[in-house]
Amino acid sequence: MMLKKLFCLVLVMAIVARARAEADGHGVCGKYSPDRMLTHVLRHCAKPAKDLKAPVTPKCCDPFSKISEKCFNAIINSDTWKHSGINPKIALTIPKRCHYHH
């Protein structure tokens, strides 16, 4: 009986953890959170996401072929992105600005 209660508790905790992760954007970007995607994959896009006149480099543009639009939106709306001074309206222009690169 004790083992059954323990199993149920672990199952409920796993379900709650999964729901919280999905609410925070986990899953949208695969196995990584939007914050991790920002700091590791899109770190080269910080300047172009703050200033429309900043050049969009190939290092910034390359990851866009590998991430979904949902993932990019989750990254833009992440707390890390907001606290870094990046303007979401300007950040949304990066994919279009990358097309001029290729």
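One-based numbering along the sequence shown. If you're wondering where the values come from, they're calculated on a predicted model, not measured in any experiment.
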Rounded at 0.5 Å granularity, tell me how far NZ in Lys31 sits from CE in Met37.
11.0 Å

Is a side-chain donor or acceptor of Arg97 paired with a backbone partner of Pro48 at a separation under 3.5 angstrom?
yes

Ignoring hydrogens, what is the shortest heavy-atom contact between Phe72 and Ala91? Give both atom names and the distance.
CZ-O, 3.3 Å

Apply side-chain contact (heavy atoms from CB on, under 4.5 Å) to residues Cys61 and Val56 and explain how you reach the verdict.
CA-CA 7 Å; Cys61 293; Val56 182; 3.2 Å; yes

State which residues pass side chain to side chain donor-acceptor pair (under 3.5 Å) with Arg43; sequence neighbours excluded, sorted by chain then number.
none

Between Cys45 and Cys60, is the SG-SG gap less than 2.5 Å?
yes

Enter the distance from Ile90:CD1 to Asp51:CG here, rounded to the nearest 0.5 Å.
6.5 Å

Please name the pair of heavy atoms, one in Ile75 and one in Pro34, separated by the smallest distance, quoted to 0.1 Å.
CG1-O, 3.7 Å

Mind listing the closest non-hydrogen atom pair of Pro95 and Leu92 along with its distance?
CD-O, 3.5 Å

Could you check whether any side-chain heavy atom of Lys50 comes within less than 4.5 Å of a side-chain heavy atom of Asn87, counting everything from C-beta outward?
no

